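Report on one structure; see the data block that follows.
Just so you know, these numbers come straight off a predicted model, no measurement behind them. A note on names: the letters A, B, ... follow the listed sequences, proteins ahead of strands, and every chain is numbered from 1.
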Amino acid sequence: MEKRVTFKGWLLPLALVFPQAFISAVFFFYPAGQAVWQSMFIPDPFGLSSQFVGLGNFEYLFSDPYYRSSFVTTAVFSTLVTVVSMVPALFLAVLADRLVKGAGTYRTLLIWPYAVAPAVAGVLWMFMFNTRVGVVSWYLGQLGYTWNHVLDPNEAMGLVVVASAWGRISYNFLFFYAALQAVPRSLIEAAAIDGARFWRRFFTIVLPMLSPTTFFLLVVNIVYAFFETFGVIHTITSGGPQQATTILVYKVYADGFVGQDLGSSAAQSVVLLVVVGALTVIQFRFIERRVHY
Amino acid sequence: MATVSLKNVKKRFGSTEVIHGVSADIADGEFIVIVGPSGCGKSTLLRMVAGLETVSEGVVEIDGARVNEKEPMDRDIAMVFQNYALYPHMSVRQNMAYSLKIAGLAKSEIDRKVGEAARLLQLEPYLDRKPKQLSGGQRQRVAMGRAIVREPSVFLFDEPLSNLDAKLRVQMRLEIRQLQAKLGVTALYVTHDQVEAMTMADRMIVMNEGRAEQIGTPLEVYEKPATLFAAQFIGSPAMNVVSGTLEGGQAVLPGGARIACCTAHEGPAAIGIRPEDTHADADGALEMAVDIAEPLGATTLLHGTLYGTEVAFTASLPGVHRMEAGTVLRLAVAPAAIHLFDPETGRRIG
């Protein structure tokens, strides 16, 4: 039975809905509308007037090799961040799940990195790998490897991936750990009697049982890598070298606020908006089809 | 095919001892039911045989060899769980083939064995379904199929029927028993249901608070319960137990009724009388004031008290009897149907 609350007048329900509606309108609908509107104009260099160009900004965008390569960069970056944040998280969760003593302590310690803000985490990693004063780069130097993510695009990508994934491991760990605890013990026991040893049980029984969680995390982490890693990239590489770490969301910022090309920046926002929408649809379609066995 | 023997098996969780030393010898091909109320340690005992719990003290032997330190997979056993524990992402076929695949059998061999088990359990039409597409009884069969294909020496059942409805339970009870007889496999079966225990067991182990109260055939336990607990746990409706005294070969009940019984004991005793061992008799020694009559068709259950006391008493008489509350009824009990227990230890004294 669904319980329905009925109101006598219009005033109370409106008052209750207003705060949420107001915040959504001011911080989401208005900016999104502005982005769509601005994406169809090119402002003059002084921002005094703008000229309507229809879909011109989009045409220009997709013929721009830098923008297209930014798509590839984003795909590489988000794939790496997702893999690097999920695989160790699963591994750690499996280990923590086997613990009998001290599980609480390990759990708490493993969750800590999640409490560090992305920008702060970025600064931390930047200092550790700083080409002149970084601890890690100094040790690498001792080992005969010259670390320089300011010049080497691959090293830059590696560093931002690790810095972005690091805090995320905690988040994923938490979900995997909870999901592991929810796997019925009798299934594991049945598999043990059937002759499967630990890793075999893990791959044939436990991992399939985790699939709804894994899929959820996959989508959430991709979205994270797409949008929330701005702070890390901004502090460590600022999108360089040679735009090697300029993901789509960073390019919106770089073109709009640094390059002052508001029209193109707005058009990029709109493209991103569509991408988010598509990701969300995929997420709901799949999760609904996959609701636990 | 194997024997199983438990030698003073104990289990401790931390400093709490939950099984206080159980010993039993199970013959090859025997169907043993471990029965007791929840929390008596019956499942823990079974899990120790399976190797899912460590043995704190004592020895578990399968086919004469100590298995305490062996992994479950190396004990040559198969287990059917209460919730069936079917792998939800695998089809019925895959569920049954899982252990064979791990054992590295050839595809044709696996297909043959799974096919055979499916035929035996009438699961052939469902081989490609997932467990969630099956009914409770079918899932139960798949769990049994998964156990059968391994051709184990010992079958372990942990309350396998408790998730089924009453009708199906009766049917599956019979099927499990027939299957076990056909395969000739030694079986250990845990249940809290005394009817299951009575109907299925070759011998049963009645457990209470981590102790084996009695080990014997169902009829032995019914006719000569070794302890007060076994007496009251087995039999439905439960045995009447009243505290009385023994004087010169007679049992004196509260209210003063004297029933002849053959015992040399004197002094206080717990006196047990099964409701179905009483019969209406105008010259009977027992007087009962009836509160409620429950006609069950073939028999009528009479609930009330021993006349002139507050001591509850139940009698079961054949046929239909209609009785007003307050009716006083005379009942007779055969001397051989009187069970006597030591009121301190609960042990049988006659």
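Of the inter-residue distances, the one linking A:Thr204 atom OG1 with B:Ile102 atom CD1 reads 6.0 Å to the nearest 0.5 angstrom. Here CG of A:Asp194 is found 5.5 Å from CZ of B:Arg150. Values are rounded to the nearest 0.5 Å.
More than 12 heavy atoms of other residues, nucleotides or ligands lie within 6.0 Å of CZ in B:Phe13, so this atom counts as buried by the packing criterion. Environment of CZ in A:Phe230: crowded, with over 12 heavy atoms of neighbouring residues, nucleotides or ligands closer than 6.0 Å. For B:Lys10, the NZ atom sits in a packed shell: over 12 heavy atoms of surrounding residues, nucleotides or ligands are nearer than 6.0 Å. Counting heavy atoms of neighbouring residues, nucleotides and ligands inside a 6.0 Å radius, atom CH2 of A:Trp199 exceeds 12 of them. Within a 6.0 Å radius of CD in B:Glu69, other residues, nucleotides and ligands contribute more than 12 heavy atoms. Crowding of B:Arg12 atom CZ: a count of heavy atoms from other residues, nucleotides or ligands under 6.0 Å exceeding 12. The environment of CD in B:Gln133 is crowded: more than 12 heavy-atom neighbours from other residues, nucleotides or ligands sit within 6.0 Å.
When heavy atoms are compared at a cutoff of 4.5 Å, B:Ala143 does not approach chain A at all. Looking at B:Asp158, there are no atoms closer than 4.5 Å to chain A (heavy atoms on both sides), in backbone or side chain.
Salt bridge absent: B:Glu71 and A:Arg197 never bring a charged side-chain N and a carboxylate O closer than 4.0 Å.
Closest heavy-atom contact between A:Ala190 and B:Arg146: CB-NH2, 3.6 Å. A pairwise comparison of heavy atoms in B:Met73 and A:Ala196 identifies CE-O, 3.7 Å as the closest pair. Contact detail for A:Ile193 and B:Ile77: the closest heavy-atom pair is CG2-O, 3.7 Å.
Ranked by heavy-atom pairs under 4.5 Å with chain A, the list B:Pro72, B:Ala147, B:Ala85 is led by B:Ala85.
Side-chain contact between B:Leu86 and A:Leu187: absent, with no pair of heavy atoms (C-beta onward) separated by less than 4.5 Å. Residues B:Arg47 and A:Glu189 are in side-chain contact: their nearest non-hydrogen atoms beyond the backbone lie under 4.5 Å apart. Side chains of A:Ile205 and B:Tyr98 form a contact here, defined as non-hydrogen atoms less than 4.5 Å apart.
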